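See below for the structure under consideration.
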Amino acid sequence: MTQAIRIHANGGPEVMQWEDVPTPDPGPGEALVHHAAIGLNYIDVYFRTGLYKSPLPATPGMEAAGTVTAIGDGVTDIAVGDRVAYATGPIGAYATERVIAADRLVRLPDAIDFETGAAMMLQGMTAQYLLRRTHKVQPGETILVHAAAGGVGLILCQWARHLGATVIGVVSTPEKAELARAHGAAHVLLNSADIPAEVKRLTGGAMVPVVYDSIGRDTFMASLDSLAPLGLMVSYGNASGPVGALDVGLLGAKGSLFLTRPSLATYTAKRADLIGSAQDLFAVVQSGAVNIRVNQHFKLSEAAAAHRALEARQTTGSTVLLP
Ligand code: NDP
């Protein structure tokens with residue numbers, strides 16, 4: 001038997017139930033992974049509430065690290081006993097073990113423990129594609145990063161500094177501002193500030209070439225107004241709610257802006273891209289340029305408490321759930 005969090009209806013954290021489910025056998029191309037740690041991500045909230053759709057009943061979660069305990073026919077890249085991690089759909093990571101397509105698994109370097117692996121794959125590969133592919137951050141650039149003390153945020157701050165960029169972070173409290181500063185943000189603004197005016201002041205009027213905005217509804221316009229002409233608006237999350245419909249003409253009026261709404265799934269759809277992104281992440285973590293901060297631990301059976309903390313903006317850095 002496997003123990004798993006299951007939801008039978010969308011709703012608040014209370015819909016997550018701790019249940020016994022039969023342990024599945026891996027089919028062709030699949031592997032059974034015994035989880036040592038599971039990563040908590042904001043996308044788990046979107047699937048729980050129903051903002052993102054999945055058939056029910058469902059087990060949330062898109063990220064974990066553990067050991068391969070069985071493989072199906074045709075699996076050649078991954079073997080029983082391998083230490084692996086993953087960050088991918090379909091959901092189902094909030095379980096003591098699960099079956100998953102073997103070509104979505106990445107072998108963990110020996111120096112990276114399971115907790116760190118579970119904490120960093122989804123948020124870290126997101127930071128990788130945002131900084132290295134969506135916009136190739138250049139030394140000397142000044143960039144704007146929302147939720148700078150969060151899971152993705154702390155990785156973005158450190159990695160962007162490592163690339164030679166100046167990070168302006170945005171957070172909600174002075175404590176989070178301190179944390180973002182300690183992880184590479186050169187300037188930190190509280191979200192109560194007039195963000196475009198502060199960006200104007202900090203950049204001597206130049207504004208920024210790229211904004212990484214994971215907040216969505218509450219910050220979208222301020223982000224557009226912080227961009228230099230021809231700047232790139234990267235709207236990659238909806239922690240405050242979806243942005244909704246947009247008058248495309250605004251992009252012209254505000255300076256021939258570019259807009260993208262990227263997702264990790266697209267950037268890692270090809271196995272070569274998945275492996276490339278993971279290797280790039282492992283390299284910055286192992287060199288010490290990026291430190292993965294696992295600032296909260298919860299029992300997997302108490303995932304509801306973890307969701308409450310995440311939604312109440314009480315977490316910083318990454319959070320893991322332990323079976
Ligand atoms: P975080 O640790 O960043 O937690 C979310 C943070 O968002 C909060 O701590 C809070 O920081 C801020 N926030 C602002 N407004 C709200 C609000 N109304 N309710 C709750 N939080 C709010 O989470 P993750 O690192 O897991 O994810 C960050 C974002 O990145 C999410 O939006 C997620 O969906 C997105 N994401 C997108 C991916 C993609 O490929 N598109 C992949 C991975 C993540 P503060 O208090 O400082 O404002």
Side-chain angles (χ1 to χ4, degrees), residues 12-13 38-49 51-52 60-63 87-89 91 93 118-134 144-159 168-181 183 185 188-193 195 211-220 222-223 233-243 259-269 273-274 277 281 292-296 306-321:
I38 293 127
L40 177 75
N41 292 285
Y42 218 92
I43 195 168
D44 305 347
V45 172
Y46 307 145
F47 274 106
R48 194 205 69 219
T49 60
L51 177 65
Y52 294 176
M62 299 187 66
E63 176 180 44
T88 185
I91 61 172
M120 76 182 200
M121 292 299 284
L122 200 148
Q123 295 166 348
M125 291 198 296
T126 298
Q128 193 277 342
Y129 84 72
L130 291 174
L131 297 173
R132 309 301 290 139
R133 298 173 66 195
T134 305
L144 184 64
V145 172
H146 286 278
V152 178
L154 284 187
I155 301 173
L156 281 176
C157 289
Q158 296 175 82
W159 203 331
I168 304 175
V170 184
V171 299
S172 63
T173 67
E175 294 75 25
K176 289 186 178 185
E178 202 45 55
L179 192 66
R181 249 184 236 109
H183 289 81
V188 186
L189 307 173
L190 293 183
N191 57 5
S192 50
I195 304 293
V211 178
Y212 294 109
D213 186 336
S214 61
I215 310 297
R217 186 171 54 209
D218 289 357
T219 50
F220 189 81
S223 293
M233 168 66 178
V234 184
S235 176
Y236 74 99
N238 352 263
S240 68
V243 173
L259 166 67
T260 184
R261 200 328 180 169
S263 87
L264 178 64
T266 315
Y267 279 85
T268 55
D273 289 335
L274 170 67
S277 187
L281 172 64
I292 302 299
R293 296 296 308 262
V294 186
N295 286 354
Q296 297 78 212
H307 277 220
R308 284 192 190 95
L310 185 62
E311 289 178 90
R313 303 162 80 155
Q314 286 163 357
T315 65
T316 58
S318 304
T319 303
V320 292
L321 307 173

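Owing to the predicted nature of the structure, the values given are computational and were not obtained by experimental measurement. Remember, it's 1-based here, ligands and their atoms both numbered in the order they're listed.
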Have a look at Val188 and tell me which of Val171, Leu179, Ile168 forms a side-chain contact (heavy atoms from CB on, under 4.5 Å) with it.
Val171
Select all protein residues for which some heavy-atom-to-ligand 1 distance is less than 4.0 Å, and list them by chain and number.
Asn41, Tyr42, Tyr46, Leu122, Gln123, Thr126, Tyr129, Ala147, Gly150, Gly151, Val152, Val171, Ser172, Lys176, Asn191, Ser214, Ile215, Tyr236, Gly237, Asn238, Ala239, Ser240, Arg261, Pro262, Ser263, Leu264, Leu310, Glu311, Arg313
Do you see a donor-acceptor pair shorter than 3.5 Å between the side chains of Thr266 and Tyr129?
no
Of all residues at least two apart in sequence or in a different chain, which pass the salt bridge (charged side-chain N to carboxylate O under 4.0 Å, His left out) check with Arg133?
Asp273
Please name all residues satisfying salt bridge (charged side-chain N to carboxylate O under 4.0 Å, His left out) with Arg181, sequence neighbours left out, ordered by chain then number.
Glu178
Ignoring hydrogens and angles, tell me if any N or O in the side chain of Thr49 forms a donor-acceptor pair with the backbone of Tyr46 under 3.5 Å.
yes
Any residue meeting side-chain contact (heavy atoms from CB on, under 4.5 Å) with Ala265, in chain and number order, not counting sequence neighbours
Ser263
